[in-house]
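Some notes on the structure that comes next.
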Amino acid sequence: MPPEMMNPQQPYTGQIYQPTQTYTPTSSESVYGSTFDDEPPLLEELGINFDHIWQKTLTVLHPLKAADGSIMNETDLTGPMVFCLAFGATLLLAGKIQFGYVYGISAIGCVGMFCLLNLMSMTGVSFGCVSSVLGYCLLPMIILSGFAVVFSLQGIVGVLLTSLIIGWCSFSASKIFISALAMEGQQLLVAYPCALLYGVFALISVF
């Protein structure tokens, strides 16, 4: 073997029980990446904002109140799902198992209004926004179905109350749509198809 390949081993100068640390973490955040304090709340991650839900509900309950377009343009389906379940529950109390009709008519109505509003507005609208607005404006129809549990709506008083509720729902929905989509002067054009949709829900409540 050549002598140049027979180099003596270099002695180890470090300490055996005290190894040299090349990296020292400064805090627990550097070890785990992030802390739980910096994470957003669970409801915020799910897109549930109770303040916006309350503001939208008040806008529907108060038809003459001006609608905030920035809040109404959000895709929030928490309130509509609750109102659809409440509408089906009140129908169930009246002896009508119509959950399938409620969700089926809602889906068809949302698709129809989505196509119509995209043709009428210059900015366009998302399907989630249409579903959110139509679902929130279903709230007065829950009041009508609640009356149907106690009283019969197949009379003059029932016809007047049903007409009032349909006008209430359609007026609130059209007001929110023209506010969110900047469609001034077209409220009657938007309110007519909304009245047709809510008229179908009213027929389910009455009959």
Side-chain angles (χ1 to χ4, degrees), residues 38-91 102-103 105-107 109-118 120-147 161-202 205:
D38 298 333
E39 294 183 357
L42 179 59
L43 294 179
E44 184 178 345
E45 292 183 353
L46 296 176
I48 300 175
N49 191 329
F50 287 107
D51 183 53
H52 289 182
I53 293 175
W54 178 245
Q55 293 297 326
K56 294 178 183 180
T57 305
L58 289 180
T59 303
V60 175
L61 292 177
H62 196 327
L64 301 179
K65 179 183 178 182
D68 189 359
S70 60
I71 296 179
M72 296 303 169
N73 207 10
E74 296 179 354
T75 303
D76 173 27
L77 297 179
T78 305
M81 291 295 294
V82 173
F83 292 156
C84 284
L85 288 174
F87 182 58
T90 51
L91 290 177
V102 171
Y103 287 107
I105 295 171
S106 300
C110 290
V111 171
M113 287 299 299
F114 170 72
C115 298
L116 183 62
L117 290 174
N118 278 302
M120 294 177 62
S121 64
M122 299 297 295
T123 58
V125 63
S126 64
F127 183 78
C129 178
V130 174
S131 303
S132 177
V133 172
L134 292 178
Y136 273 103
C137 293
L138 190 66
L139 179 58
M141 200 62 61
I142 301 175
I143 301 175
L144 179 65
S145 61
F147 275 106
L161 181 61
T162 302
S163 302
L164 177 63
I165 294 297
I166 293 174
W168 186 358
C169 294
S170 59
F171 182 80
S172 298
S174 60
K175 176 191 66 174
I176 295 173
F177 280 132
I178 64 173
S179 175
L181 302 177
M183 299 170 60
E184 290 77 8
Q186 304 183 43
Q187 185 171 1
L188 291 178
L189 296 176
V190 178
Y192 177 69
C194 292
L196 295 178
L197 173 62
Y198 291 115
V200 178
F201 289 118
S205 300

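- Counting heavy atoms of neighbouring residues, nucleotides and ligands inside a 6.0 Å radius, atom OH of Y192 does not exceed 12 of them.
- In this structure, F147 CZ and I165 CD1 are separated by 7.5 Å, a value rounded to the nearest 0.5 Å.
- Across S170 and Y198, no two heavy atoms sit closer than the pair N-CD1, 4.1 Å.
- Between F127 atom CZ and M113 atom CE the span is 11.5 Å, to the nearest 0.5 Å.
- Of all heavy-atom pairs spanning F83 and L139, the tightest one is CE2-CD1, 3.9 Å.
- When all heavy atoms of S106 and F201 are compared, the pair lying nearest together is OG-CZ, 3.4 Å.
- For L85, the CG atom is densely surrounded, since the number of other residues' heavy atoms within 6.0 Å is greater than 12.
- Looking at every heavy atom in both residues, L181 comes nearest to V125 through CD2-CB, 3.7 Å.
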Checklist line | Working for side-chain contact (heavy atoms from CB on, under 4.5 Å), residues S131 and L77 | finding: CA-CA 7 Å; S131 303; L77 297 179; 3.9 Å; yes
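- With rounding to the nearest 0.5 angstrom, the CG atom of L144 is 5.5 Å from the CG atom of L161.
- Closest non-hydrogen pair, V60 versus W168, comes out as O-NE1, 3.0 Å.
- Atom CE of residue M183 and atom CZ of residue F177 lie 9.5 Å apart, to the nearest 0.5 angstrom.
- Annotation: the span from L134 atom CG to S172 atom OG amounts to 11.5 Å, rounded to 0.5 Å.
- Under the side-chain contact (heavy atoms from CB on, under 4.5 Å) rule, I176 has a single partner from C137, S132, C194, which is C137.
- Put simply, the side chain of T57 gets close to the backbone of I53: a donor and an acceptor are under 3.5 Å apart.
- A donor-acceptor contact shorter than 3.5 Å is absent between the side chain of S145 and the backbone of L91.
- Looking at every heavy atom in both residues, L64 comes nearest to K175 through N-NZ, 4.4 Å.
- With S174 contributing its side chain and F171 its backbone, the two residues share a donor-acceptor pair below 3.5 Å.
- Between atom CG of residue L61 and atom CD1 of residue I143 there is a gap of 6.5 Å, rounded to the nearest 0.5 Å.
- Between L197 and I105 the shortest side-chain heavy-atom distance falls below 4.5 Å.
- Inter-residue side-chain proximity for L138 and C84 is flagged as met; some heavy-atom pair is nearer than 4.5 Å.
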